[in-house]
Amino acid sequence: MPRLALYAIAVCVLSVAAAVVSFARGSWLGIVWILMLGVSSNIAWYYVRKAKNDKAAEAAAGR
């Protein structure tokens, strides 16, 4: 798995934790953390799919 995807997944996990803490304390700031979760999860999926497609293209070119 690409390093940037792992970083994005780490941001996802930390965003979930921050959102839970924010909402538990009664703060609406958790909405910002939920939005960050959405962006970071999209980044993670992008880099995972990009690595998969690059690997497939490399295998097809190597034939």
Side-chain angles (χ1 to χ4, degrees):
M1 188 176 296
R3 185 178 299 172
L4 289 173
L6 292 175
Y7 290 154
I9 291 170
V11 171
C12 287
V13 171
L14 293 174
S15 296
V16 168
V20 168
V21 169
S22 293
F23 286 133
R25 291 185 177 184
S27 173
W28 286 97
L29 190 62
I31 293 172
V32 174
W33 294 112
I34 296 297
L35 293 174
M36 185 173 288
L37 169 69
V39 170
S40 62
S41 69
N42 285 341
I43 291 170
W45 277 115
Y46 170 78
Y47 282 113
V48 168
R49 288 179 47 200
K50 182 179 181 302
K52 181 181 173 185
N53 289 339
D54 288 347
K55 201 180 262 190
E58 185 177 300
R63 282 197 216 184

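Position 1 is the first residue of the sequence, and the numbers go up from there. Only heavy atoms go into these numbers, but all of them, side chains included; no hydrogens, no water, no symmetry mates.
Taking CG of L4 as the start and CD1 of I9 as the end, the distance is 11.0 Å to the nearest 0.5 Å. L6 CG to Y47 OH: the interatomic distance, rounded to the nearest 0.5 Å, is 12.5 Å. Here the CG atom belonging to L37 is positioned 11.0 Å from the CG atom belonging to L14, to the nearest 0.5 angstrom.
With hydrophobic clusters built from ILVMFWY side chains whose heavy atoms lie under 4.5 angstrom apart, W33 does not share a cluster with W28. No single ILVMFWY cluster, assembled from side-chain heavy atoms under 4.5 Å apart, contains both L35 and V32. A continuous path of hydrophobic side-chain contacts links Y46 to Y7 [ILVMFWY only; heavy atoms under 4.5 Å].
Checked against salt bridge (Lys or Arg N to Asp or Glu O under 4.0 Å), K52 has no partners two or more places apart in sequence or in another chain.
Residues A8 and S40 approach most closely at CB-O, 3.5 Å, considering heavy atoms. Nearest approach of F23 to G30, heavy atoms of both residues: CZ-C, 3.6 Å.
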